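What follows is one structure encoded as structure tokens, with my remarks underneath.
None of these values were measured; they are calculated from a predicted model. Worth knowing before you read on, the calculation uses all heavy atoms, side chains too, and leaves out hydrogens, waters and symmetry mates.
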Amino acid sequence: MQLKNVIESPCGLRFMLDELELQSGFARRWLLDSPMMTSDGEIAASYAVLHRFADFIDRVDNIHINTLSNKLCGLKDIRTTIKNLKHSSVLDDIELFEVKHLAILATDVKKLLDQHQMDGVVEIPALDEVITILDPDGMKIATFYIYDSYCAQLKDLRSQMRQHPDQQDDLLLQASELEEGVRRDLSSQLAPFATAIEQAQLALARIDVCMAKAMQMRRMGLTFPDISTDGVSRYEAMFHPQVKAALATRGRAFQPVNISYGMEPTLITGANMGGKTVVLKTLTLCQLLFQFGFGIPAAQARIAVKDEIYFCIGDEQSVEKGLSSFAAEMKNIDAVIKASRMNKKLLALIDEPARTTNPTEGAALVSALLDVLAGKDMSLVMTTHYDIEPGNARCLRVKGFENGTMDYQLVEVQDGEVPHEALNIAQSLGIDSEWITLARKRLDVTAASTVDYKH
């Protein structure tokens, strides 16, 4: 799975990508094409490199950081040119310029990083010979022209053209033939360097991405995660960057959450507007950021590596397939059940399953889903506002409405009972008092009838 396949996940991944200050379009395309990492070693190596770049921006003054950023702005996508070079095609002047420009850029970036003890962090192939081929006069200017020094005969013809304007047509034809010969010769000399040029382009894209990730970590207060070896993922003071930013624009603060989950099912209960969905979105976001090598929005994080990540959020209509919200949701959850029966490490995050059906059937579906997925080799975190028997699931509950405000902290409880706080929350929002009062009266009547029935 590539990053571009999950960028539209409702967990908020696109926000993180949009907030990434990449300097080049090619680096963004390279990042979107990058595959999700699924091994401890690969993830550890990725974060080791990112650590070096985070250290670099912390200890180097802004002048050098801006210099590097400005240079990376010059990175262009020349994959077609490199492909032509690999296929022994004759490059035109624009393509030869692209190769020269990249070679000079790679050399400049390598020199700048080496000056700040960053040599070898991202390996940039040496392209000095490429520059020599395309810059025979040693000007070190990122432009290309078929210089006179390439061919003595061409130099002589150009001199004749200036001296004999009346012979321009014939001399121009001869010069054009010689110039094409120069292009052919240059392309032949450059062909052995095609792989090194390609590697340099990819290295520069990786440097651009690592710089952007490191800057984002500092700007957003993200952390480096540890890799969990016991199957348990733990977060301290976890937050959702997009929600936090939205609240900040209204002068409000995001309340961070502590949470952990392992291989047993974890059930999160709480009233509507209790922050359950935000917790699930944040967990999904953190897992994806982790396996694509980004900083994690938490004070501390220890995360288990997964082969596949499933995020099922309710109220998803599939217009293309002609499915209702309920049908689309059932299809998504069915995919989780099928995947749980395969030999893979899974993380499934399911938000309010069966919320769109009647409460009796909805509660039954949720309870049965816990039974189906319990005991599987997977991590499951599921939210619900139904009162259900949790079975072997670990139960967490949103602390809830206290002293006129909502406390979003999660507390461990022994059962899956949901607090009944909808009316209190509605009242705190300033909802019509007559509506709330009548609802309370009906609730009292229902409660009294239930007591009478039991007696």
| Would you call F26 and K76 a side-chain contact if the rule is heavy atoms closer than 4.5 Å? | no
| field | Donor-acceptor under 3.5 Å (Q291 side chain, P35 main chain) | value | no
| Exceeds 12 heavy-atom contacts within 6.0 angstrom, atom CZ of R252 | no
| field | Passing candidate, side chain to side chain contact (heavy atoms under 4.5 Å, CB included) with E198, options L85, I82, L102 | value | I82
| said: If you count heavy atoms of other groups shown closer than 6.0 angstrom to CG of D18, is the number above 12? | reply: yes
| query | Is there a donor-acceptor pair closer than 3.5 Å between any side-chain N or O of E352 and the backbone N or O of H385? | reply | yes
| Donor-acceptor pair, Q216 side chain versus G295 backbone, under 3.5 Å? | no
| message | Which label fits H64 and H116: parallel for a plane angle under 30°, tilted from 30 to 60°, or perpendicular past 60°? | response | perpendicular
| Heavy-atom pair with the smallest gap, counting every atom of H240 and V278 | CB-CG1, 4.3 Å
| request: State, yes or no, whether a side-chain contact exists between I333 and L365 at a heavy-atom distance under 4.5 Å. | output: no
| query | How are the rings of F56 and F53 set to each other: parallel, tilted or perpendicular (split at 30° and 60°)? | reply | perpendicular
| request: Flag this pair as yes if the NZ/CZ of K100 is under 6.0 angstrom from the six-membered ring centre of F144 and inside a 45 degree cone about the axis; otherwise no. | output: no
| query | With a 4.5 Å heavy-atom cut-off, do P297 and L289 have their side chains touching? | reply | yes
